[in-house]
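Please read the structure below before turning to the comments.
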There are 2 protein chains.
Amino acid sequence: MIRIFVVDDHQVVIDGISSIFAEVEEIKIIGSALNGVEALRKLETESPDVLLLDINMPEMDGIQLVRELKKQGRELKILILTMHNNPQFTKQLIAEGVQGCVLKNAGKKDLIYAISEINNGGRYYTDAVEETLKESLDKTQEAINQVQLTKREVEIVKLIALEHTTNEIAEKLSISAYTVDTHRKNIINKLGVKNLAGLVRFAFEKGLL
Amino acid sequence: MIRIFVVDDHQVVIDGISSIFAEVEEIKIIGSALNGVEALRKLETESPDVLLLDINMPEMDGIQLVRELKKQGRELKILILTMHNNPQFTKQLIAEGVQGCVLKNAGKKDLIYAISEINNGGRYYTDAVEETLKESLDKTQEAINQVQLTKREVEIVKLIALEHTTNEIAEKLSISAYTVDTHRKNIINKLGVKNLAGLVRFAFEKGLL
DNA sequence: CAGTAAATACCTAAATCTAGGTATTTCATT
DNA sequence: AATGAAATACCTAGATTTAGGTATTTACTG
């Protein structure tokens with residue numbers, strides 16, 4: 001019997017996954033959470049074999065949660081559920097030591113297979129994920145290091161994505177436009193993107209919007 | 001007995017929803033599709049009471065599918081399943097005549113309630129959706145009309161979102177930078193967004209990336 | 001207490017985007 | 001053959017972003 005804990009910010013997905021496994025003998029859902037913070041709290045008292053984790057979440061995203069759990073020295077296997085097949089993320093995830101990754105457009109069968117594989121000490125990456133990964137493996141290696149935006153930076157990313165100009169943001173936050181400029185520059189550097197478009201794209205991929 | 005057809009590009013969501021309703025007496029899933037094109041084909045022979053439809057899909061998105069079905073004069077109720085609570089979309093959807101809209105972070109209970117409401121001739125919008133809608137209802141009304149980008153425009157939107165500048169795009173497509181400029185302007189006008197950031201956001205919401 | 005991360009602010013020059021136009025060619029449809 | 005949409009191209013002025021810096025204050029952490 002494999003004991004699973006599901007973390008996903010969409011209740012429908014949690015309910016769905018629960019229902020899928022309700023009819024599967026060897027797998028049992030022992031709990032779920034709608035975000036990273038809730039997951040951490042609940043995992044204090046629960047100890048699943050496999051953690052089924054969504055990447056794109058508000059509050060604390062999947063990667064942060066993985067880090068926190070590793071930091072606590074938890075011995076559990078992690079299977080990532082992701083929307084976008086983004087090599088940037090996948091690389092980061094592997095670096096963080098997760099055991100597998102399936103796209104949300106995978107089917108029930110794949111999901112069950114991935115979970116058993118992982119529970120038996122294996123690894124599982126959807127074909128598509130693996131392929132995209134290989135393609136981009138030779139590219140910028142330093143991009144792997146942790147991209148962590150500060151609270152203020154996240155705030156500014158959101159405002160930019162919502163079409164506010166530097167001046168508007170400055171006024172809204174009651175700070176100098178120069179400061180907003182500086183933040184924007186820092187963000188672009190941190191994310192390794194080229195311009196505003198990349199920044200907005202990131203905001204989406206990261207689930208900030 | 002309410003007969004449902006599910007359209008969502010994520011197999012996990014389809015499987016999940018199927019499982020959820022497997023244990024609900026009055027609701028039955030009679031079919032599903034992973035994209036608009038497949039849905040249209042399958043709906044030629046199927047006639048569900050309610051269509052459960054994801055907005056963000058590749059190939060043919062939810063709105064396009066709704067239009068096509070209305071054009072065919074199909075008599076069916078449509079419940080939208082959406083990720084983002086975007087008033088722009090909601091307005092468009094209402095204009096297209098859909099019966100309801102639930103966010104993907106709604107739970108099983110809400111989903112079931114929404115479906116029965118709609119099947120009984122009612123309408124159902126998640127509280128959050130309704131609220132966001134009201135807030136933005138006084139804003140630009142003309143934005144409701146169909147936003148349809150041409151092939152070339154879509155191409156350019158993608159390149160912009162991928163962080164290419166006007167000059168780079170011009171070179172890549174072997175056209176003048178002036179032309180790219182014109183396209184960008186037209187796109188910004190069509191979408192009713194303010195700047196490049198809005199354009200990239202749109203690309204994501206529309207599922208272009 | 002020393003060190004560091006975060007947030008703040010300033011400066012300049014160059015690149016890029018935005019807004020307001022006008023105008024021609026191509027292609028498909030009526 | 002005419003209409004209209006799509007794609008193309010050009011022009012100018014002003015706004016905004018980008019790249020390269022430097023520097024101060026605050027707050028937490030070892």
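Below, read A as the first sequence line, B as the second, and so on, with proteins coming before strands; counting in each chain starts at 1.
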If I take atom CD1 in residue B:I187 and atom P in nucleotide D:dA7, what distance separates them, rounded to the nearest angstrom?
10 Å
Under the salt bridge (Lys or Arg N to Asp or Glu O under 4.0 Å) test, residues paired with A:K185 that sit two or more places apart:
none
Among residues at least two apart in sequence or on other chains, which ones pass salt bridge (Lys or Arg N to Asp or Glu O under 4.0 Å) with A:E46?
none
Salt bridge (charged side-chain N to carboxylate O under 4.0 Å, His left out) pairs, two or more places apart, involving residues 160-175 of chain B:
A:K194-B:E168, A:R201-B:E163
Tell me every residue that passes side-chain contact (heavy atoms from CB on, under 4.5 Å) with A:T166, counting only those two or more places apart in sequence or in another chain.
A:A177, A:V180, A:D181, A:R184
For every nucleotide of nucleotides 25-30 of chain C, 5' to 3': is a protein heavy atom under 4.0 Å from its base (B), only from its sugar-phosphate (S), or from neither (-)?
------
Comparing B:Y178 with B:T150, nearest DNA chain D nucleotide closer to 5' gives the residue B:T150
For B:I20, check side-chain contact (heavy atoms from CB on, under 4.5 Å) against everything at least two apart and list the hits.
A:D15, A:S19, B:K108
Those residues at least two apart in sequence (or on a different chain) that pass side-chain contact (heavy atoms from CB on, under 4.5 Å) with B:T182 are B:N186
Mind checking whether B:L76 and B:R3 have side chains closer than 4.5 Å, heavy atoms only?
no
Reading nucleotides 13-30 of chain D from the 5' end, what letters show protein touch, with B for base, S for backbone sugar-phosphate only, - for no heavy atom under 4.0 Å?
---SSBBBB---------
With A:L196, which residues qualify under side-chain contact (heavy atoms from CB on, under 4.5 Å), at least two apart?
A:I160, A:V200, B:A197
How long is the line joining CZ of B:R152 and C1' of D:dA9, in whole Å?
13 Å
Contact under 4.0 Å: A:H183 side-chain N or O vs C:dT8 OP1/OP2
yes
Rounded to whole Å, please give me the gap between NZ in B:K190 and C1' in D:dA5.
9 Å
State which residues pass salt bridge (Lys or Arg N to Asp or Glu O under 4.0 Å) with B:K42; sequence neighbours excluded, sorted by chain then number.
B:E38
Enter the inter-axis angle for the ends of the helix from C:dC1-D:dG30 to C:dT30-D:dA1 (five pairs per end, rounded to 10°).
60°
Could I get the full list of ring pair (Phe, Tyr, Trp, His ring centres under 6.0 Å) partners for A:Y113, not counting sequence neighbours?
A:Y124
Has A:D9 got a side-chain atom pairing as donor or acceptor with A:N35's backbone, closer than 3.5 angstrom?
no
Here the distance between atom C1' of D:dA7 and atom CD of B:E155, to the nearest Å, is 11 Å
Any side-chain N or O of B:T179 below 4.0 angstrom from OP1/OP2 of D:dT8?
no
B:L199 has an atom CG; how far is it from atom C1' of C:dT18, in whole Å?
13 Å
Whole-Å gap separating P (C:dA9) and CD1 (A:I156):
11 Å
Rounded to whole Å, CG of B:L191 lies from P of C:dA19 at a distance of 13 Å
Rounded to whole Å, CG of B:L173 lies from P of D:dA6 at a distance of 18 Å
